[in-house]
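Given the structure is predicted, the values throughout are model-derived calculations rather than measurements. Residue indices begin at 1 and follow the sequence shown. The basis for the numbers below is simple: all heavy atoms, side chains too, and nothing from hydrogens, waters or symmetry mates.
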Amino acid sequence: MLSEDAFSQWLGIEIVKVKLGYCQVKLKVRKEMLNSMQKSHGGITYALADTAFGFAANTHGNYAVSIETSINHIEAVNEGDELTAESSVSIDKNKLGFHVVEIKRNTELVALFKGVVYKASKKWEVE
C-alpha cells in the first residue's frame with residue numbers, strides 16, 4: 001500500500017512492522033511540518049496515525065475504508081522528534097473494525113487516535 005500512497009511517502013512515513021490487524025509506522029518531524037508556534041501541526045500526528053490505521057485495517061485482504069476517526073493531542077511535538085504510530089484492531093466484526101492508534105515519541109504518548117473502518121467485499125489483488 002505504501003508504494004501507492006503518495007501522501008504518506010511525501011510525509012516521509014516508513015513502515016516499521018506489519019502483521020495481521022497491526023501496523024507500526026514512523027516519521028521524523030521536519031521544519032515544514034511546524035505551525036506558527038513552532039510545534040508540529042496537529043495534522044502531522046493525525047496523518048501518521050491515519051496511515052497506520054489504514055494499513056492495519058487492510059491487512060485482512062479486503063478493502064477497508066475509514067468511516068469515522070478522532071484524535072486527542074496529549075503533548076506538543078517538536079521539530080526533530082521521531083514519532084511512531086501503532087495501530088491494532090480492538091474489535092473486529094464482520095463488516096466493521098474498531099482500531100486504536102497510539103502515537104509516541106520514544107515511550108511517551110503524544111496522541112491517541114481512534115478509528116472505525118468498513119470492510120468491503122472487494123479483495124486486494126496481490127502482484
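Taken from CG in L11 to CG in L48, the straight-line distance is 8.5 Å, to the nearest 0.5 Å. One distance of note links CG of L27 with OG1 of T84; it measures 9.5 Å at 0.5 Å rounding. The CD1 atom of I67 lies 12.0 Å from the NZ atom of K95; values are rounded to the nearest 0.5 Å. How far CG of L83 is from OG of S40: 6.5 Å, rounded to the nearest 0.5 Å.
In the hydrophobic cluster analysis, where Ile, Leu, Val, Met, Phe, Trp and Tyr join through side-chain heavy atoms closer than 4.5 angstrom, Y46 is grouped together with W10. When the side chains of ILVMFWY residues are joined at heavy-atom separations under 4.5 Å, either directly or via intervening members, V101 and F7 end up in a single hydrophobic cluster.
By the side-chain contact (heavy atoms from CB on, under 4.5 Å) test, K114 is found to be paired with S70, N72, residues two or more places apart in sequence or in another chain being considered. For T59, the side chain to side chain donor-acceptor pair (under 3.5 Å) test picks out no residue, with sequence neighbours left out. Listed by chain and residue number, K31, L34 satisfy the side-chain contact (heavy atoms from CB on, under 4.5 Å) test with Q38 (two or more places apart in sequence, or in another chain). By the side chain to side chain donor-acceptor pair (under 3.5 Å) test, N35 pairs with no residue at all, sequence neighbours left out. Partners of K26 by salt bridge (charged side-chain N to carboxylate O under 4.0 Å, His left out), not counting sequence neighbours: none found.
Between the side chain of N78 and the backbone N or O of K39 there is no donor-acceptor pair closer than 3.5 Å. Within the 3.5 Å criterion, the main-chain N or O of G43 finds a donor-acceptor partner in the side chain of H41. The main-chain N or O of K119 is never found under 3.5 Å from a side-chain atom of N62 such that the two would form a donor-acceptor pair.
Residue pairs satisfying the ring pair (Phe, Tyr, Trp, His ring centres under 6.0 Å) criterion with at least one member in residues 64-102, sequence neighbours excluded, are listed as follows: F53-H99.
When all heavy atoms are compared, the tightest approach of G42 to T45 is O-OG1, 3.0 Å. The nearest pair of heavy atoms linking A57 to A64 is O-CB, 3.6 Å. Nearest heavy atom pair, residue A52 against residue V25, reads CB-CG2, 3.7 Å.
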Return a table of donor-acceptor pairs under 3.5 angstrom between the side chains of residues 103-113 and protein atoms on other chains or two or more places apart.
from : atom 1 : to   : atom 2 : distance (Å)
K104 : NZ     : E102 : OE1    : 3.4
R105 : NE     : E108 : OE1    : 3.0
R105 : NH1    : A76  : O      : 2.9
R105 : NH1    : D81  : OD2    : 2.7
R105 : NH2    : A76  : O      : 3.3
R105 : NH2    : E108 : OE1    : 2.8

For residues 12-23, please give each side-chain donor-acceptor pair under 3.5 Å, one per line with the distance, not counting sequence neighbours.
from : atom 1 : to  : atom 2 : distance (Å)
Y22  : OH     : E86 : OE1    : 2.5

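Other residues, nucleotides and ligands contribute more than 12 heavy atoms inside 6.0 Å of the CD atom of E79.
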